[in-house]
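The analysis underlying the following values was restricted to heavy atoms, covering all of them including side chains, and did not include hydrogens, waters or symmetry mates.
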Amino acid sequence: DGITYTDKITGMTGVTVNDLAQDSSKEVVWLATQGGFAKSEDFASSISAGNEPTWKFPITPSEATDTGSAVWVDPDQPDVVIVGATGGVLYRSSDGGDTWTEITDGVDDATGATFVDFAEFVSDTSTLYASYQFQAGGGGVLQSINGGETWIDTGMPNVPAGPLAVNADGQLLVGVGVEQTDDVETR
C-alpha cells in the first residue's frame, strides 16, 4: 500500500542491501549486500501465505567476493543471474547460483570499479547494460548482447554512471554523478 512496510529478510541482521532483482514469477528474489548475495526461491508464495520467505545467505561467487554491489536475474529464466562484486568483477551463473563463471570478456574497463545497476531491453533480455563508477570519479556503461556472457564498452563519456533504465523505444537512460553540492564549479 506504500504506507506499511514489513521486514522480509528476517534473520539477516545488520545487512546493507545495495541492489535487488526479481524474476517474473516474483518467487525468485536476489539481493546484493555488503556481505555477499542472498537468494529466496519462495518469496511471493511465502508472503501471500503470511509466512517469511526462506533465504540462502551469504552466497559468494568466489572467495574474494564479500561485497555485492549489483544483481540481475533473467525474468523468464531465473537460473540465469549476473552479479557485480567488489573490485569491478562480474560473475554469471546459469544454474541459480550453484556455480559461477567470472566474466572477463569486455569488463576490463571496469576493473577496480563498483557496479551500480543492471538494466535490460524489455522486449529482449539478451541485451543488458551494466553501469559502474570508480571511487576517485569516472565510470561508464557496458553492454551485452548475449545475456551477459560477454560485454563491450558503450563509449559513454568517463563519468560516474548510476541507475539505469531502458525506455519502450530502447533508449538507455543513465543517471550520472556523485556530487551533492550546489557549488557551480563542481556541477
Margin query: Heavy-atom count check: over 12 atoms from other residues, nucleotides or ligands less than 6.0 Å from Q34 CD?
Written below: yes
Check: Is E102 atom CD crowded by more than 12 heavy atoms from other residues, nucleotides or ligands, each under 6.0 Å away?
Finding: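 Yes, enclosed.
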Margin query: Run I145 and I152 through side-chain contact (heavy atoms from CB on, under 4.5 Å) and show every step you take.
Written below: CA-CA 9 Å; I145 58 172; I152 58 170; over 6 Å; no
Polar side-chain atom of [X] near backbone of [Y] as donor-acceptor pair, under 3.5 Å:
X	Y	answer
S46	F43	no
D74	V80	no
S126	N146	no
R92	T150	no
D19	S69	no
D42	T54	yes
S131	D117	yes
D169	Q171	no
K39	G96	yes

Tell me the closest heavy-atom pair linking [X] and [Y], and the distance in Å.
X	Y	value
P58	G35	CB-O, 3.3 Å
A110	L142	CB-CD1, 4.4 Å
A161	G140	CB-O, 3.3 Å
G148	I103	O-CD1, 3.0 Å
G170	F121	CA-CE1, 3.0 Å
L90	V107	CD1-CG2, 3.9 Å

Could you give the distance from [atom1] ([X]) to [atom2] ([Y]), rounded to the nearest 0.5 Å?
X	Y	atom1	atom2	answer
Q77	S94	CD	OG	9.5 Å
L31	T16	CG	OG1	11.5 Å
I82	W72	CD1	CH2	5.5 Å
D95	D79	CG	CG	7.0 Å

Margin query: Before you tell me yes or no, could you show the steps for W151 and Q143 under side chain to side chain donor-acceptor pair (under 3.5 Å), namely the whole-Å CA-CA distance, both residues' side-chain angles and the distance that decides it to 0.1 Å?
Written below: CA-CA 5 Å; W151 296 82; Q143 178 190 44; over 6 Å; no
Margin query: Which residue is it: S24, P78, S93? I am looking for the one with a side-chain contact (heavy atoms from CB on, under 4.5 Å) to V73.
Written below: P78
Would you check if [X] and [Y] make a side-chain contact, meaning some heavy-atom pair closer than 4.5 Å?
X	Y	result
L173	V166	no
P61	V83	yes
W30	F37	yes
Q22	V28	no

Note to self: Could you walk me through whether L164 and V141 satisfy the side-chain contact (heavy atoms from CB on, under 4.5 Å) test, starting with their C-alpha distance in whole Å, then the side-chain angles of each, then the deciding distance to 0.1 Å, before giving a yes or no?
What the structure shows: CA-CA 9 Å; L164 298 174; V141 175; 4.2 Å; yes
Item checked: Derivation and outcome, side-chain contact (heavy atoms from CB on, under 4.5 Å), residues S144 and E149 -> CA-CA 7 Å; S144 173; E149 292 180 29; 5.7 Å; no
Next item on the list: Classify the ring geometry between Y132 and F134 as parallel (under 30°), tilted (30 to 60°) or perpendicular (over 60°).
Entry: perpendicular
Notebook entry, point to check: Should the pair Y91 and W100 be assigned to parallel (<30°), tilted (30 to 60°) or perpendicular (>60°) ring geometry?
Noted result: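 Perpendicular.
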According to a 4.5 Å side-chain heavy-atom criterion applied to Ile, Leu, Val, Met, Phe, Trp and Tyr, with indirect links allowed, do [X] and [Y] form part of one hydrophobic cluster?
X	Y	result
V159	Y129	yes
F115	V89	no
V116	L172	no
I47	V17	yes
V71	I59	yes

